[in-house]
Structure formats: structure tokens, C-alpha cells
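A short worksheet on the structure shown next.
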Amino acid sequence: MNKTMRLSLLVAAVLALLLIILHLMLPWLVREYLNDKLADMGDYRGHIEDVDMTWWNGAYRINGLEITKTDGEVQVPFLSVPSMDIAIRMRALWKEGVLIGVVDIHQPELNFVDGNTREQKQTGEGVDWRAQLEDMVPVRLNQVNIHQGTVSFRNFSSDPPVNISASAIEMTIRNLTNAPDAQGQRSASMNGTADFLGHAPIEANAHFDPLGRVDDADLQFRMLGLDLTRINDFASAYGKFDFRAGAGDLTLELEVRERQLDGYIKPLLRDVDVFDLDQDIRNEDKGFFRGLWEAIVHGGQEVLQNQRKDQFATRIELSGSLDNAEMSAFQAFIAILRNAFVEAFTPRFERALEEE
């Protein structure tokens with residue numbers, strides 16, 4: 001073997017060794033880099049357990065991501081993600097010279113918490129989450145897919161404690177990019193489905209500017225077939241009454257144009273029963289005044305419901321600036337009366353139907 005051949009083999013062996021070392025060290029380096037970024041997020045901090053990489057095809061997986069509030073008395077993490085896959089579209093890299101990524105988030109759990117004090121609350125405020133996502137996925141995001149996610153609302157300090165959630169969330173967010181379309185607009189879209197409390201189907205659609213302050217956006221949301229007795233903890237904690245029977249639907253449409261909000265929330269309740277003499281007035285655990293309040297709620301619902309169809313609905317208008325949306329109690333009351341004596345509403349996307 002001549003000297004040139006030996007030198008070539010030596011160079012190849014060194015390069016192979018360097019690639020092996022890079023393959024072994026790169027996941028650790030990426031994990032440490034991400035944990036350093038997640039450790040300083042203002043009111044929250046995060047941690048990643050492990051990173052797996054297959055750098056030759058532009059893919060890596062983040063395992064065991066957890067984000068918690070840095071101070072306070074919150075008993076659950078703000079976000080928990082068992083695994084997250086990030087894939088780089090190599091074809092786009094060769095054709096456009098741009099790194100375009102697709103993210104698949106598996107079984108994430110997001111927890112919002114209410115409470116009597118700031119320390120007991122967990123809303124996600126205090127962090128630029130878009131900047132944090134860009135640090136974790138330093139490529140142009142084309143699509144984010146959420147699989148079997150859960151979003152919960154909790155209150156550990158209320159009486160009774162509240163724990164309601166939407167599960168089985170399947171969501172796709174597209175066009176998370178800073179590149180404008182042919183009209184010069186940036187528009188991302190979101191489509192998703194879920195089950196509220198394991199039985200009431202939810203569907204949601206939205207369009208928004210992924211890089212703006214949501215100056216222009218629209219949202220449609222609908223939930224059908226909710227068993228009202230399943231939200232008794234929430235109704236008791238926040239409304240001081242509970243349901244003995246009933247079902248409900250909820251429709252929501254919001255539109256934002258130049259930071260001015262316009263839309264409505266429309267609940268539809270059927271076969272509702274919130275009062276029973278033996279259970280409520282004579283129940284020593286509830287107390288006389290709690291039972292009396294439930295009797296008042298029940299009486300108001302009986303007066304204002306559509307007697308022919310035994311359903312109770314209203315349309316609550318939302319209007320004003322994005323930072324100070326107003327919900328008019330007077331408008332809500334007029335809408336209740338209109339429904340009671342004129343017609344029963346059914347859940348539908350009114351504006352979408354009008355456009356069609």
C-alpha cells in the first residue's frame with residue numbers, strides 16, 4: 001500500500017470517527033442548549049429530559065418537555081409534552097435554500113389554573129411563547145400538528161375544586177411563516193376537534209396573522225351535546241348552583257378587524273333542571289340561602305325558556321377593542337326575552353351561512 005493510499009484511509013477513518021463523535025454528542029449539546037433557553041423565560045421555566053436526532057435526514061425528537069410556573073402555589077405544570085417530533089423538509093432546503101419544518105406534538109397537556117391570588121393562578125402570561133418556540137425549532141415552521149392533546153381548567157382553591165378539560169384534541173396549524181402570499185398578506189389557519197369532558201364534541205376553525213398582534217383574525221367554535229351535570233363543580237364554584245339534569249350546546253364566532261372585535265357567544269340549553277325542594281332547600285350541607293338561590297335560578301330559567309321546545313337560549317354580543325372586549329348584560333337579557341317569546345335558537349355558524 002503506497003503512502004497516498006494510507007493517507008486517504010487515515011483521513012477517511014478520522015472523518016468517520018468525527019462523525020460518530022458528532023452523532024453521539026449532538027443530541028446532548030442540543031438538549032443543553034434548549035434547557036439553557038428554557039431556564040430563563042420570565043414567569044415560567046422549562047426542562048427537557050432527552051433529545052434524539054437523526055441529523056442525516058433532518059429530524060429530531062424532544063422527549064419529556066415540561067414547563068412550570070417559577071413562583072406561586074400551582075400544583076400542576078403549565079405544559080407537559082411526552083414527545084415532540086421536528087422534521088426538516090430537505091426538498092425545500094435544496095430547492096429554496098430555506099429550512100422549513102413540520103412539528104408533530106404528541107399527547108400534550110396544557111393546564112390553566114384560576115385562584116384567589118396571583119400566586120394561585122396560571123394563565124401563561126409573562127412569556128413570549130412565539131419566541132420560545134422559535135428558539136426550540138430554529139426553522140421556518142410550515143405546519144404544527146397536535147395529536148391527542150388535553151387542555152384543562154382548574155381551580156384548587158374554590159369550593160368545590162374545579163377540574164374541567166377538553167381531551168382527544170386533534171389540531172393542525174398551517175402556514176406559520178413570515179412569507180406573505182400573493183396579496184401581500186400573512187395568514188395562518190387552524191383546524192381542530194376535541195371532546196369536552198370526554199363526551200361533547202368540539203370543532204374549531206381560525207385564521208390569523210402568525211407574526212402580528214392579531215390585528216385581523218377570525219374564529220369559529222362549536223360544542224354540542226354537553227351533559228350539564230358534568231360541569232356541576234364549575235357551576236357550583238362560580239355560579240353557586242348545580243344542575244340536576246339538562247344538555248347544552250355552545251356556538252362562538254369572533255372577528256377582529258384592525259384590533260376591533262365583533263362577534264357573539266350563543267348557548268342553547270335543553271331540559272334544564274337546577275332545583276329540587278328536598279335536595280336544595282332541606283339539604284343541610286348546602287344551607288338555606290344556597291338552596292334559595294338555586295330556586296331563583298330555576299324560576300328565572302322556567303320563565304325565560306321556550307316552553308314549547310323546553311329549551312333556553314340567548315345570544316351574547318361581543319364588541320369593542322381587542323384589549324377591552326365588552327359583553328353587554330342588557331343585550332344578553334333582551335336576547336333571552338326574544339328567544340323566550342319569539343323563537344328557539346339552534347347552534348349554527350350564522351355568518352358562514354349568510355355568506356353562503
Side-chain angles (χ1 to χ4, degrees), residues 21-72 74-90 92-93 97-113 118-119 121-147 149-152 169 171 173-179 186 188 190 208-214:
I21 294 174
L22 178 64
H23 174 69
L24 295 175
M25 292 292 296
L26 193 56
W28 179 82
L29 293 173
V30 171
R31 186 192 67 181
E32 293 303 304
Y33 169 80
L34 293 176
N35 279 333
D36 183 64
K37 291 290 184 181
L38 293 171
D40 185 16
M41 295 194 302
D43 293 344
Y44 292 81
R45 64 170 176 267
H47 180 75
I48 291 171
E49 290 292 335
D50 185 37
V51 174
D52 297 324
M53 302 190 68
T54 53
W55 47 269
W56 55 86
N57 65 354
Y60 68 100
R61 167 173 285 193
I62 294 174
N63 298 309
L65 168 63
E66 187 168 287
I67 296 176
T68 58
K69 195 175 180 182
T70 55
D71 59 352
V74 181
Q75 304 176 32
V76 291
F78 177 64
L79 176 65
S80 177
V81 181
S83 64
M84 178 191 308
D85 292 314
I86 299 99
I88 307 301
R89 291 187 170 174
M90 304 304 293
L93 176 61
V98 178
L99 289 172
I100 297 179
V102 177
V103 179
D104 285 275
I105 304 174
H106 304 279
Q107 298 179 322
E109 295 184 8
L110 182 63
N111 293 292
F112 295 98
V113 181
R118 181 182 179 277
E119 289 73 21
K121 297 180 180 181
Q122 181 171 266
T123 63
E125 295 181 348
V127 177
D128 186 345
W129 295 107
R130 186 180 64 197
Q132 293 300 324
L133 181 61
E134 290 175 351
D135 281 342
M136 293 182 61
V137 190
V139 298
R140 197 175 79 184
L141 289 179
N142 184 60
Q143 185 170 308
V144 175
N145 304 307
I146 297 174
H147 308 285
T150 301
V151 176
S152 298
I169 297 174
M171 182 181 297
I173 307 172
R174 295 183 176 87
N175 198 33
L176 287 173
T177 174
N178 57 2
R186 299 182 179 92
M190 182 277 291
F208 56 94
D209 183 344
L211 299 181
R213 297 180 56 223
V214 198

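Hydrogens, waters and symmetry mates play no part in the numbers below; they use all other heavy atoms, side chains included.
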field: Closest approach of Glu66 to Ser80 (non-hydrogen atoms, all atoms of both residues)
entry: OE1-OG, 4.3 Å
task: Would you give the length of the straight line joining atom CG of Asp52 to atom CG of Asn63, rounded to the nearest 0.5 angstrom?
output: 5.0 Å
- prompt: Got a second to check how far His147's NE2 is from Asp85's CG, nearest 0.5 Å?
  reply: 8.5 Å
- line: Value for OH (Tyr33) from CG (Leu38), rounded to nearest 0.5 Å, stands at 10.0 Å
query: At what distance, to the nearest 0.5 angstrom, does CD of Gln143 lie from CZ of Arg174?
result: 5.5 Å
- line: When rounded to the nearest 0.5 Å, the distance separating CG of Leu65 from CG of Leu34 is 9.0 Å
- prompt: Nearest heavy-atom pair of Arg45 and Thr70: which atoms, and what distance?
  reply: NH1-CA, 3.5 Å
Side-chain donor/acceptor of Tyr60 to backbone N/O of Ile86, under 3.5 Å: no
- request: Looking only at non-hydrogen atoms, find the nearest pair between Lys69 and Glu119 and report the distance.
  value: NZ-O, 4.0 Å
task: Report the residue from Ile105, Ile48, Val51, Asp104 that forms a side chain to side chain contact (heavy atoms under 4.5 Å, CB included) with Met84.
output: Ile105
message: Run Asn111 and Glu109 through side-chain hydrogen bond (donor to acceptor under 3.5 Å, both in side chains) and show every step you take.
response: CA-CA 7 Å; Asn111 293 292; Glu109 295 184 8; 4.9 Å; no
message: Return the CZ to CD1 distance between Arg31 and Ile62, rounded to the nearest 0.5 Å.
response: 12.0 Å
task: If the plane angle is over 60° it's perpendicular, under 30° parallel, otherwise tilted; pick one for Phe78 and Phe112.
output: perpendicular
field: Any Ile67 side-chain heavy atom under 4.5 Å of Met41 side chain
entry: yes
